[in-house]
Amino acid sequence: MTEPTDDTTTDGEKTTITTGRNFEEEYRLRAADAGEFLVDLGEQLQETDELTLEGDEWELPFAFGEPVRLEIDFEGVDDPELEIELEIPGRTDETAPDVS
């Protein structure tokens, strides 16, 4: 049996990506598959203030705050390329201090 780590439970279960570690995954997809991902992501952004992203072996729950940052970058010289970047800040549960 595999020993659980700080963000893994047991064999056969997905690794949960938690605060306190970095994670990066890159995919090369058909445009239709990327579009389906973006639609699903957009629906989660509209319906709730928490996202859950999942891969075959991992899941990443993320409570987000406002505002999100959207950047559009078009490079039209030589091989044209469009880059769309979305930065979603984490939500903080902190409250302002009392004033007396």
Side-chain angles (χ1 to χ4, degrees):
M1 183 172 177
T2 303
E3 287 288 320
T5 62
D6 61 339
D7 56 8
T8 305
T9 49
T10 59
D11 285 335
E13 293 185 20
K14 293 183 177 190
T15 299
T16 300
I17 310 303
T18 58
T19 302
R21 78 174 272 198
N22 293 327
F23 175 78
E24 184 174 301
E25 198 74 28
E26 186 173 312
Y27 296 90
R28 291 183 56 86
L29 306 172
R30 293 179 320 120
D33 292 335
E36 183 178 341
F37 171 81
L38 290 171
V39 167
D40 292 344
L41 179 64
E43 288 174 351
Q44 282 193 45
L45 287 170
Q46 289 176 330
E47 295 170 3
T48 183
D49 59 356
E50 294 187 19
L51 299 172
T52 301
L53 303 176
E54 294 186 36
D56 291 338
E57 298 176 3
W58 56 270
E59 67 178 8
L60 194 162
F62 185 72
F64 65 89
E66 300 280 348
V68 300
R69 188 175 134 232
L70 178 64
E71 181 179 328
I72 300 170
D73 184 14
F74 175 67
E75 295 180 15
V77 180
D78 298 324
D79 294 326
E81 181 177 272
L82 175 64
E83 182 177 329
I84 300 170
E85 183 177 322
L86 180 66
E87 289 187 18
I88 305 170
R91 182 176 62 218
T92 179
D93 293 329
E94 294 181 7
T95 58
D98 292 331
V99 176
S100 357

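What you see is a predicted model, and the numbers here were worked out from it, not measured in a lab.
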Distance in Å, [X] [atom1] paired with [Y] [atom2], rounded so as to fall on 0.5 Å steps:
| X | Y | atom1 | atom2 | result |
| --- | --- | --- | --- | --- |
| L41 | I88 | CG | CD1 | 5.5 Å |
| T18 | F23 | OG1 | CZ | 11.5 Å |
| T52 | D40 | OG1 | CG | 12.5 Å |
| E71 | E87 | CD | CD | 7.5 Å |
| E83 | I72 | CD | CD1 | 11.0 Å |
| T16 | R21 | OG1 | CZ | 10.0 Å |

Taking all non-hydrogen atoms of both residues, which atom of [X] and which atom of [Y] are closest, and how far apart?
| X | Y | answer |
| --- | --- | --- |
| K14 | E59 | CB-N, 4.4 Å |
| F74 | P80 | CE1-CB, 4.3 Å |
| E50 | R91 | OE2-NH2, 3.3 Å |

Side-chain contact test, heavy atoms from C-beta onward, threshold under 4.5 Å: evaluate it for L45 versus L86 and give yes or no. yes
Quick check: do V68 and P89 have side-chain heavy atoms less than 4.5 Å from each other? yes
In one Ile/Leu/Val/Met/Phe/Trp/Tyr side-chain cluster, 4.5 Å: F37, V39: no
Any donor and acceptor pair, going by atom type alone, linking the side chain of E57 with main-chain N or O of T15 inside 3.5 Å? no
Is atom CD of E43 surrounded by more than 12 heavy atoms (other residues, nucleotides or ligands) closer than 6.0 Å? yes
The test is side-chain contact (heavy atoms from CB on, under 4.5 Å); show your working for L53 and W58 and say whether it passes. CA-CA 8 Å; L53 303 176; W58 56 270; 4.0 Å; yes
